[in-house]
Q: 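Please see the structure below; I have some questions.
Quick caveat, the model's predicted, so the values are computed rather than measured. Note: hydrogens, waters and symmetry copies are ignored here, and every other heavy atom, side chains too, is used. Throughout, protein chains are lettered first and strands after them, A, B, ... in sequence-line order, and every chain is numbered starting at 1.
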2 protein chains.
Amino acid sequence: MQSPASLAVAYRANGRKLTPQRQLIFQLMHENETHPTAEDLFAQASAQMPGISLRTVYQTLNELAEMGELQFIEIGSGATRFDPNVGDHHHAVCDSCGQIRDVHVRGAATLRPTDSTDFVINEVGVVFRGICSACETSRRKGSSQRGAKSPVQQAKASKK
Amino acid sequence: MQSPASLAVAYRANGRKLTPQRQLIFQLMHENETHPTAEDLFAQASAQMPGISLRTVYQTLNELAEMGELQFIEIGSGATRFDPNVGDHHHAVCDSCGQIRDVHVRGAATLRPTDSTDFVINEVGVVFRGICSACETSRRKGSSQRGAKSPVQQAKASKK
DNA sequence: CAACTAATTTGCAAGTCATGCGAATTAGCA
DNA sequence: TGCTAATTCGCATGACTTGCAAATTAGTTG
Ligand SMILES: [Mn+2]
Ligand SMILES: [Mn+2]
Ligand SMILES: [Zn+2]
Ligand SMILES: [Zn+2]
């Protein structure tokens, strides 16, 4: 995601208007490393701009993605997560709290399948699944592990 | 996913019944490398067993996942894809046709983030995105590229 | 083999996430 | 200040998945 200053330029270049809603959402995403969902952003946006519509949040996020200002991340936890960092990086997903953090992996970009050579690769993504330090710590203290579910199961179970 | 022979054992071990529906779905998934959706399986299952319910397909797939016989794959194309191969392998996703193929990546299991060392890694997944040979070929022939959308956009656009 | 019963299957309702649509509003420009 | 195309908003709709309870059935028991 570009700097706030170039936002207007980016929008104009696409023949788009610079609305307050777009500015707010851009601002909320700028340098945001939490990989929020549309609902997360809607909640934050609503605090600063009561009345803003969830529809507009989705719309704006889709536009920003089309403009290449952000990317979508799907980790199978239900809702799409948005990432303003479109540079070279990867992710570590905590199977306990669902947090997604940015990580860097040396040589990831040059990874290639040992088979399937007849496939034009545009992008390589690495995802680490495991337990973040915060969860690991709280886990050792109390909280007995009730029900061992797969990551996906867990994600889906916590939906309600 | 285990051999069909051990299916009964696996089920009994979990105090479950060996129903015709479960046998059919297991059979359809066994050594299936297409990473089908629940709807895909429902269609195939319906052909062989008219009247089988989509609900049962979902239920059985969830059970098999709980039993560790298969895994879920989410590539952000809408529906969950199911994979009977729970061994060490990775995936290549065609952004054009959505096909997911199995690939192997040397050293993938030992990849580590250069940062975030305080994260217990349980699993490492690599996803290659690009264009499969079939799409690449048909692309060179006719079909002019109309509208360049991101992979996710594309997947979502083709939903309807 | 018939009865029994807990597990399973089904169909439909409901839930979640995201998009389609059209009326009301507004940014950017003349 | 006015115009107009773009945008916002709210609600309907759609795709995918799960909750629920009545009907059915696998597997056991006698
Ligand atoms: Mn990121
Ligand atoms: Mn696979
Ligand atoms: Zn965590
Ligand atoms: Zn393809």
Q: Could you tell me how far apart A/L54 (CG) and C/dT16 (C1') are, to the nearest whole angstrom?
A: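 The distance from CG of A/L54 to C1' of C/dT16 comes to 12 Å, rounded to the nearest Å.
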Q: Kindly say whether A/D102 contributes a backbone atom to a donor-acceptor pair with the side chain of A/H89 at under 3.5 angstrom?
A: no
Q: Nearest-Å distance, CD (B/E74) to C1' (C/dT16)?
A: 14 Å
Q: May I ask you to test the A/I121-A/P113 pair for a side-chain heavy-atom distance under 4.5 Å?
A: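 Of all side-chain heavy-atom pairs linking A/P113 with A/I121, at least one is under 4.5 Å.
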Q: Considering all heavy atoms of both residues, which atom of A/F72 and which atom of A/A65 are nearest to each other, and what is their separation?
A: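 The answer is CE2-CB, 3.5 Å.
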Q: Does any part of the side chain of B/R22, heavy atoms only, come nearer than 4.5 Å to the side chain of B/L7, both counted from C-beta?
A: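 No, too far: nothing below the 4.5 Å cut-off.
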Q: Would you kindly compare B/R55 and B/R12 by the position of their nearest DNA chain D nucleotide and give the one closer to the 5′ end?
A: B/R55
Q: Indicate yes or no for a side-chain donor-acceptor contact from B/D115 to the backbone of A/H104 under 3.5 Å, with no hydrogens or angles considered.
A: yes
Q: Quick one: is B/T80 getting a side-chain N or O under 4.0 Å of the D/dC16 phosphate, OP1 or OP2?
A: no
Q: Roughly how many Å is it from CZ in A/R81 to P in C/dT16, rounded to a whole number?
A: 18 Å
Q: Find the distance A/I75:CD1 to C/dC17:C1' and express it as a whole number of Å.
A: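 To the nearest whole Å, that distance equals 15 Å.
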Q: Using a cut-off of under 3.5 Å, enumerate the N/O to N/O pairs linking the protein to nucleotides 7-9 of chain C.
A:
unit_1	atom_1	unit_2	atom_2	d
C/dT8	OP1	B/K17	N	2.9
C/dT8	OP1	B/R22	NH1	2.5
C/dT8	OP1	B/R22	NH2	3.1
C/dT9	OP1	B/T19	OG1	2.5
C/dT9	O3'	B/Q21	NE2	3.1

Q: Ignoring hydrogens and geometry, is there a side-chain-to-backbone donor-acceptor pair from A/Q71 to A/N85 under 3.5 Å?
A: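 Side chain of A/Q71 to backbone of A/N85: a pair is present.
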Q: Rounded to whole angstroms, how far apart are CD on A/E39 and P on C/dG15?
A: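 Rounded to the whole Å, the gap is 15 Å.
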Q: Separation of A/M49 atom CE from C/dT25 atom P, in whole Å?
A: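 My rounded result for the distance is 17 Å.
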Q: Take the protein atom CD of A/E66 and the nucleotide atom C1' of C/dT19, then report the distance between them rounded to whole Å.
A: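 Rounding to the nearest Å, CD of A/E66 and C1' of C/dT19 are 13 Å apart.
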Q: Roughly how many Å is it from OH in B/Y58 to P in D/dA15, rounded to a whole number?
A: 12 Å
